[in-house]
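Written out below as structure tokens is the structure these notes cover.
Letters A, B, ... mirror the listed sequences (proteins, then strands); counts begin at 1.
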Amino acid sequence: MDINEPRLGDQFSETQEGPVALDHLGEWQKTVNCDTLRPADVGREVILMGWVQRRRDHGGLIFVDLRDREGITQVVFDPQIAELCHERAGALRSEYVLAVRGNVRLRPEGMTNAKLPTGEVEVAAVELRILNSSKTPPFQVEDEVEASENIRLKYRYIDLRRPKLFKNLVARHKVAQLTRSYLNELGFLEVETPVLTRSTPEGARDYLVPSRVNSGKFFALPQSPQLFKQILMVAGFERYYQIVKCFRDEDLRADRQPEFTQIDMEMSFISEEDIYSLIEGWIEKVFLELKGSSPLAPFARMTYAESMDLYGTDRPDTRFGLLLTEVTDVVANSEFRVFRQAIERGGIVKALCVPGGKDLSRKELDDMIEFVKIFGAQGMAWIKIQPDGWQSPIAKFLAPEVQQALIERLSIDTGDLILFVADQKKIVNDALGNLRGRLGKQLGLIDPEALNLVWVTDFPLLEWDANEKRYTSVHHPFTSPVESDMELLDTEPEKVRSRAYDLVLNGIEIGGGSIRIHHQEVQRRVFQALGISGEEAREKFGFLLEALQYGAPPHGGIAFGLDRLVMLLCGCSSIRDVIAFPKTQKAICLMTNAPSEADVNQLLELCLKVEAERNA
RNA sequence: GGGGUGGUAGUUAAGUUGGUUAUAACGCCGGCCUGUCACGCCGGAGGCCGAGGGUUCAAGUCCCUUCCACCCCGCCA
């Protein structure tokens, strides 16, 4: 603590117009964090270092709330204790960086601050070192002050000083570390897989990286380490994991970033049940650590078919009822043309019965109709079950026996509101499934504390892609079909079930995986069903097909979206709040301004030419 | 590619049927203040109303184009 240490300001004052002379850190070391001091520490001499949260200048006395990542401690600059120090403290402003040496003392009677953990004490400054000044920040570093997201992202280093955001990243760190220790103990090996890899068909659009050494050729950034982890199983590693960045060049959402992190794992010689219990043990640990309690294992299970029927989605939110009910058969012969025509065209009719929903206004019904249109529905029919009869634009088309059948099918009570959508199955499920979620929130049916986990199982292996006019994988092309369904692969491919499973938390998919194909012949047949020719399969996946011929063990795995998991655990509604440096919806980093144009010489080296922007 | 919400001072917002000098809060600057903690009091500065075009005697306000942020559909095995 050499008071003769030169001040930075002495050196720079002539060349750098700063608002205040700066000091060197010198030999000082931070002795306590800003959240630690308590009455028991009274009398200690401490050195605090941090940022000025707020300065309250009373003329004769200056208070500074000093903030570091852990918390806030009040520092008092009292001229009777250190006159020079008090004088310099007058120059302090928000976000200046300080080191303060001083003595811990109790605050006077009645002057404690119950809002701060350190609020019973304060540090009387003996010596102040101003380590850096700060421009006036574009927004205040407080959880309550909500700046717009573009300004927060541009000045992310200031945004990250806000305790809430910092805590989110601490939670993320904890999940990652806890995951590692859990898997390490169970004999899993963390293995890194390439980031520069090859583009594969199927799945998302790839990010491409040109190869300078191999001009005209491109690496792709991995959408997931899928094939590498399977190859590691062939290599006999038996238990692999990785917390790894994945890249998908698709449009963004609140829960989708172009680069995101997967907790990825794979095991040999296992079945579905081994995965379930492994993950249930892990989730329990994560939830206990971050939430203080955990849903009890074993978690609920639901088949894909059941989920689609009752929830209209493969990510059921089981925190509330309001289930979908199919009424196609009941209304097939009704006078209501919309229902009849939809059914004649191969569609279905489903209904939601909202208990006590008769009091929803016409405006709210109109809003719902607009809402279901987002998902392709043409409209939505409704019936209010009033005490004096059915109030509905369509009641007159429903014969008494149809009405009676609906009452039984939907367990209708007086006061209920019935909502119908008739269309192709996918549209009906999308529309009503999403409407159900919206109503759940709107009507307050959701317990905000609930953490409902459910395994969704028995997914179909394939689904028909009307645009591409071929089958595509529901999960991915390496997912094992259920063996007893294999014979359907050539005749009724959409009926083949896969050995895939998803884990859904409060209606959000947090993880998914499958038992993989480990026989070359099965893999070839699945590629064939996907319309991937033998030649293309050899070209794109030859290494996998070959590896499967060298003693591939039965294996399977699962991957979790770390960002989404932490988002849910932190109660956030966007994964941007759990990512240190996220991108905007246009996939731009507002802090670095990435992506940027490439230098002509870089392009020349890569043998690339940028064409004029396409005019759509 | 499409639908929606928003863009006004450093920040967050208000701004009437188009009408004098565009408001407020916080922040910022100056002054006063020895117990504040969202300190207080007095004074002050600060604006290309996202950008471009148009209508009009007159545009923050109306019209067109465009950019940016956010939410959603498509897309994301």
Nucleotide N/O of nucleotides 23-25 of chain B paired with protein N/O under 3.5 Å:
none

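- For residues 219-233 of chain A, the salt bridge (Lys or Arg N to Asp or Glu O under 4.0 Å) pairs, not counting sequence neighbours, are A:K229-A:D264, A:K229-A:E266.
- Taking atom C1' on both B:C33 and B:C42, the two are 11 Å apart, rounded to the nearest angstrom.
- Using a 4.0 Å cut-off, some side-chain N or O of A:T584 falls inside it from OP1 or OP2 of B:A69.
- Across all strands shown, B:C68 is found opposite B:G6 as a Watson-Crick or G-U wobble partner, with both distances under 3.5 Å.
- Checking B:U20 for Watson-Crick or G-U wobble geometry (two distances, each under 3.5 Å) identifies no partner in any strand.
- Residues from residues 115-124 of chain A placing a heavy atom under 4.0 Å of any atom in RNA chain B, listed by number, are A:K115, A:E122.
- Not one side-chain nitrogen or oxygen of A:R152 sits closer than 4.0 Å to the OP1 or OP2 atom of B:C70.
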Under 3.5 Å, N/O pairs linking protein and nucleotides 4-10 of chain B:
residue: B:G10; atom: O2'; partner: A:P138; partner atom: O; Å: 3.2

Pairs under 3.5 angstrom, nitrogen or oxygen only, protein versus nucleotides 44-47 of chain B, please.
none

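- When distances run from any side-chain atom of A:Q80 to the nucleotides B:A69, B:U34, B:G35, the shortest one goes to B:U34.
- Aromatic ring pairs are classed by plane angle as parallel below 30°, tilted from 30° to 60° and perpendicular above 60°; the pair A:H476 and A:F478 is tilted.
- Distance check on atom P: B:U61 versus B:U20 gives 14 Å, rounded to whole Å.
- A heavy-atom distance below 4.0 Å to RNA chain B is reached by these residues of residues 246-257 of chain A, ordered by number: A:R248, A:E250, A:D251, A:R253, A:A254, A:R256.
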